[in-house]
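Some notes on the structure that comes next.
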Amino acid sequence: MERHILGVPYEEIVRQCAAHTLVCDSNSPLQRVGISNPCIEGGKKILADEKSKDFFRRVYRGGLCDE
Amino acid sequence: MNETRWQSTKVEYEEPPQEFIDRELQKYDEIVTQFCRISDIDKTRVEVNIQALKDVIIRVDMRKLYFQIYHSNMEANEYKVITGLECFWVLKLRPFWMKILPEDSKEVMQMATWINEKIALHMTCSLLKEYNPDFFEKGQDICELYCKELEYSFRYRDLSKESMFLMFDPFYFTHLCNASISEENLYIL
């Protein structure tokens, strides 16, 4: 008698399990953009430009909006 | 059988050497220095719980191992590492603090109360400044609102690591697309 699990023939279970349709996230072939400490480099750019520095000072020191 | 399946398998996390921790601590020191210079805060007032910051470093490192084991050797991109891992753990473990002094203004008191959110915001903004500079150059008023929304969300909303990954993926892909058309060789394809 043909073996069944949950009503599915065992041969079909094996076929489906072998299909490897499960995926894992690898988020595109390119993972890294390149600079080792980009937030430090970005911070240097903020500090090097007065306009940018003023903008972020206002952002960091400013009050918060309501939800 | 299921109960014994993993008994002979050992996937152990090995703590990194002290030099690795030192380098990472140095990185956070630089980030806090920059943040204080931008926001005109005396850096000596920003205190740190080294145990909590080391915990941030270890948690990020552990997650990188997890990616490697369970996500096809994935090396997480900088957006994932900085926003989804480093900022996430800074916000959760809150390693930084500032004592409020009697003479402090309301503004400084608010800085002290929100110091971890503000440092995480600075990490995010610096990352975007480096890789997505256009974002801050067009419509500064909108960017300011976006930053405030982020800061509020960092404190009061339920943001998981994965939601942080997704939140910043559009910036990551925008950067890749810009890089692919601005350089001679196609970068992505």
Side-chain angles (χ1 to χ4, degrees), chain A, chain B residues 27 30-31 33-35 37-41 67 70-82 86 106-108 110-111 114 118 121-131 133 136-137 140 143-145 147-149 151-153 155-157 162 165 169 172-173 175-176 179 187-188:
Chain A
M1 191 180 157
E2 199 181 359
R3 188 181 170 196
H4 285 68
I5 299 176
L6 293 166
V8 182
Y10 187 67
E11 199 178 307
E12 178 59 12
I13 287 176
V14 171
R15 189 186 76 83
Q16 290 191 20
C17 287
H20 296 301
T21 54
L22 299 177
V23 292
C24 59
D25 171 28
S26 65
N27 187 27
S28 99
L30 278 179
Q31 302 304 327
R32 293 180 65 85
V33 180
I35 297 170
S36 58
N37 281 321
C39 66
I40 291 177
E41 294 306 313
K44 283 181 192 165
K45 284 184 182 156
I46 294 172
L47 282 163
D49 171 27
E50 277 307 313
K51 195 176 151 202
S52 187
K53 198 170 142 187
D54 289 346
F55 171 73
F56 285 104
R57 180 180 300 126
R58 197 169 66 241
V59 168
Y60 297 163
R61 293 188 69 110
L64 291 147
C65 60
D66 295 327
E67 189 177 12
Chain B
K27 184 180 84 185
E30 181 67 29
I31 288 167
T33 303
Q34 289 181 343
F35 167 76
R37 280 184 62 198
I38 293 166
S39 34
D40 274 341
I41 289 281
F67 281 142
Y70 296 107
H71 292 262
S72 312
N73 286 320
M74 182 170 94
E75 197 182 339
N77 68 61
E78 294 88 337
Y79 291 75
K80 273 189 164 142
V81 173
I82 291 168
E86 294 177 347
K106 202 174 151 189
E107 192 186 43
V108 175
Q110 203 246 358
M111 293 287 288
W114 289 67
K118 285 179 186 292
L121 180 69
H122 170 65
M123 291 166 73
T124 305
C125 288
S126 301
L127 172 73
L128 298 182
K129 182 76 181 169
E130 179 63 24
Y131 287 146
F136 292 112
E137 277 154 27
Q140 283 208 342
C143 292
E144 197 169 334
L145 283 176
C147 291
K148 287 184 193 307
E149 184 80 11
E151 192 179 358
Y152 182 93
S153 305
R155 189 174 180 97
Y156 292 120
R157 294 191 172 123
E162 288 74 12
F165 296 159
D169 262 353
Y172 169 58
F173 289 112
H175 173 80
L176 289 185
Y187 189 51
I188 297 176

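Hydrogens, waters and symmetry mates play no part in the numbers below; they use all other heavy atoms, side chains included. Lettering of chains follows the sequences in order, A, B, ..., and the numbering in each one begins at 1. Predicted model only: the values in this text are computed from it and were never measured.
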Q | Non-hydrogen atoms of B:Lys27 and A:Asn37 that approach each other most closely | A | CD-OD1, 3.1 Å

Q: Go through the atoms of B:Ile38 and report whether side chain, backbone, both or neither lie under 4.5 Å from a heavy atom of chain A.
A: both

Q | OG on B:Ser39 to CZ on A:Arg58, rounded to 0.5 Å | A | 14.0 Å

Q | Nearest-0.5 Å distance, CZ of residue B:Arg37 to CG of residue A:Leu47 | A | 4.5 Å

Q.
Would you call the rings of A:Phe56 and B:Phe136 parallel, tilted or perpendicular, taking 30° and 60° as the class edges?
A. perpendicular

Q) Roughly how far, to the nearest 0.5 Å, is NZ of A:Lys53 from CD of B:Gln34? A) 11.5 Å

Q: Mind listing the closest non-hydrogen atom pair of B:Met123 and A:Cys39 along with its distance?
A: O-CB, 3.5 Å

Q | Contacting moiety of B:Glu107, where chain A heavy atoms sit under 4.5 Å | A | side chain

(Q) Can you confirm whether more than 12 heavy atoms, excluding those of A:Glu11, are under 6.0 Å from its CD atom? (A) no

Q. Nearest 0.5 Å, what's the NZ-OG distance between A:Lys45 and B:Ser126?
A. 11.0 Å

Q. Is a donor on one side and an acceptor on the other found under 3.5 Å between the side chain of A:Arg61 and the backbone of B:Asp40?
A. yes

Q. Which atom names give the shortest non-hydrogen contact between A:Ile46 and B:His122, and what distance separates them?
A. CD1-CE1, 4.5 Å

Q) Measuring from B:Cys143:SG to A:Phe55:CZ, what's the distance to the nearest 0.5 Å? A) 5.0 Å

